[in-house]
Amino acid sequence: MHLDDAQRTQLQKNGFVFDESRLRAVFYARRAEHVAAVAPERRAIVIGAGVAGAAACERLAARGWKVTLIERHAQPASAASGNLAGIFMPLPSKDDNIVTRLVRAAYLYALRYWKHLGGIGAAIEGEQCGVLQLPRDGVHAQVQRHIAASGLYPPEFARWLEVAEASAMLGAPAPDGAWWFEQGGWARPSSVCAAMLDACGALLTRRFSSSALRLERGDDEWLVRDADGALIAAAPTVILAAGTGAVDFEQAAGLPLDAVRGQVTHLAEGSLPSLPFVVCREAYMTPAHQGVVCAGASYDADADSSLRVASQHENIAKITDILDVAPFEAPLAGRTGFRCVAPDRLPLAGALPDPGVPGRCERLRDVPRWPGLFGLLGYASRGLIWAPLAAELLACQLEGEPLPLESQLAAALDPARFLLRERRRNA
């Protein structure tokens, strides 16, 4: 039966999604705005072995899925997840907006999740040592005081310190006070990835040093091929978790993802006053671990992957300003990575949109989707805490389980939100 564009559009509005050929439509129940298909078979391919991909593997394997993990590097956490330390802490705000609520949900979920994996400082390299966050200036500090006075946050979650207490903790002037997040800290992303992948057991097949470059839709499954066209793996479900590398695939080329350069500086222990917790303002500094202090990270709009002196000077200047010590020269050492960032700074977690299917869209459930193709992308600077919750969200969608987030927050992470806005503008 031939369908014209108007008929296809009407079917899409009533819960049908067309496959790549436009000849077959599948109906998905419309109980919520955030819709994903319940997979007919529990086999999936995950592309990308950073924290996003590793968390996806673990959450699916925990439900009995067989997962093939494809990674172009020889080991996991070799790209944006390869830093020695990632910081985890909440994000207070005056109006408790959607971003704050999402960060809070992700942060609290991650704290529980890491305990399930064996714990920070045990199975996972890192330390739940607390984070001292200083405001940018006096005006910013006043806003933070109002937030603290609202009584919204319990002290174990976020406690505001006035000048004397903050200065005593810092061992330097803190003229505007500071937030103290006692449950925060740092973790080495590669060790988090290792713990998640190890938890998958025999359900996980690892295909490392394997560059997936093309996706093709076969008979009810996706075929993943390399540069020579050779088949790497096939499964009904594919999850793109390769950061900005996701846009190299034709099906995800239209996603608005940018790579933002971040250079972290590695300093020898003793180069700066020693603190037993993470401190941050416009940059962060970790406690010394195995003789190394991490300071950073720069936020640059270029693709230079080499270490450069200017970025190191910037990192050191920001940290020495916090600690009230003079800037100094240090051997050029550190690491450069590239954050995957969406325009609204929120992750993309869910079924990927298919912009090739025409039609008017009024709601997220109206947006056409690729069958069996999902994304866990855009984690920016908070990949450690986004990864577990976003993977759990996607796993719940695939299994038809109740979501771990209220519908408004789940919708804020829907990868189709950008296409929806575009179609509304052009309607």
Side-chain angles (χ1 to χ4, degrees), residues 1-38 97-99 102 215-217 222 237-259 340-380 386 390 393-394 397-398 403 405-427:
M1 175 182 176
H2 176 73
L3 299 176
D4 60 27
D5 288 347
Q7 290 170 319
R8 285 196 183 94
T9 299
Q10 194 60 41
L11 285 170
Q12 288 162 7
K13 285 184 176 181
N14 285 278
F16 286 85
V17 173
F18 285 86
D19 68 10
E20 199 171 16
S21 70
R22 314 283 191 263
L23 299 176
R24 187 174 67 92
V26 179
F27 178 73
Y28 297 148
R30 297 180 59 191
R31 292 179 294 176
E33 281 290 315
H34 203 91
V35 178
V38 177
N97 55 50
I98 284 178
V99 176
L102 279 167
L215 285 172
E216 297 175 359
R217 186 69 181 174
W222 287 99
T237 300
V238 169
I239 299 168
L240 296 182
T244 52
V247 300
D248 294 336
F249 293 92
E250 178 186 355
Q251 295 81 359
L255 296 176
L257 299 173
D258 290 322
C340 179
V341 182
D344 56 10
R345 298 295 192 269
L346 286 176
L348 284 65
L352 293 184
D354 180 358
V357 179
R360 184 175 178 178
C361 301
E362 295 294 335
R363 295 159 295 189
L364 282 169
R365 66 190 181 203
D366 300 331
V367 179
R369 315 282 178 139
W370 291 102
L373 183 60
F374 303 85
L376 292 171
L377 304 160
Y379 290 3
W386 285 134
L393 173 64
L394 179 53
Q397 292 171 346
L398 289 169
L403 302 186
L405 288 169
E406 59 191 275
S407 59
Q408 183 186 33
L409 298 185
L413 303 181
D414 194 315
R417 62 190 186 268
F418 305 105
L419 182 58
L420 176 62
R421 292 167 195 165
E422 177 185 330
R423 297 217 170 160
R424 282 174 170 172
R425 285 194 304 267
N426 297 332

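Just so it is clear, the structure is predicted and the values come from calculations on it, not from any experiment.
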Identify the heavy atoms of Pro355 and Arg423 that sit nearest to each other, and give their distance. O-NH2, 2.9 Å
Rounded distance [0.5 Å steps], CD in Gln251 versus CZ in Arg217: 10.5 Å
Contacts of type side-chain contact (heavy atoms from CB on, under 4.5 Å), residue Asn97, not counting sequence neighbours: Ser93, Asp95, Val99, Thr100
Minimum-distance pair of heavy atoms, taken over all atoms of Ala390 and Ala349: CB-CB, 4.0 Å
Would you name the heavy atoms of Ala246 and Ala252 that are closest together and state the gap between them? O-CB, 3.4 Å
Any donor-acceptor pair under 3.5 Å from Trp222 side chain to Pro371 backbone: yes
Can you name the closest pair of heavy atoms from Ala411 and Leu364 and give their distance? CB-CD1, 3.6 Å
Out of curiosity, Ile98 CD1 to Gln408 CD, how far, rounded to the nearest 0.5 Å? 4.0 Å
Spacing of CZ belonging to Arg360 relative to CG belonging to Asp366, to within rounding of 0.5 Å: 10.0 Å
Are Pro415 and Pro353 side-chain neighbours, meaning at least one heavy-atom pair lies under 4.5 Å? yes
Which of Leu240, Leu348, Thr237, Val238 passes side chain to side chain contact (heavy atoms under 4.5 Å, CB included) with Phe374? Answer is Thr237
Atom pair CZ (Phe249) and CG (Leu352), whose distance is rounded to the nearest 0.5 Å: 11.5 Å
Out of Asp414, Leu102, Val341, Leu409, which one pairs with Leu346 under the side chain to side chain contact (heavy atoms under 4.5 Å, CB included) rule? Leu102
Distance, nearest 0.5 Å, that separates OG1 of Thr244 from CG of Leu255: 11.5 Å
With Glu250, which residues qualify under side-chain hydrogen bond (donor to acceptor under 3.5 Å, both in side chains), at least two apart? none
Quick check for you: to the nearest 0.5 Å, what is the distance between Phe418 atom CZ and Leu257 atom CG? 7.5 Å
Residues which pass side-chain hydrogen bond (donor to acceptor under 3.5 Å, both in side chains) with Asp344, listed by chain and number, not counting sequence neighbours: Arg417
Please identify which of these residues, Asp354, Val357, Leu215, meets the side chain to side chain contact (heavy atoms under 4.5 Å, CB included) condition with Trp370. Asp354
In short, Ala416 meets Val367 closest at the heavy-atom pair CB-CG1, 3.6 Å
Check whether any side-chain N or O of Arg424 sits under 3.5 Å from a backbone N or O of Glu362 as a donor-acceptor pair, and report yes or no. yes
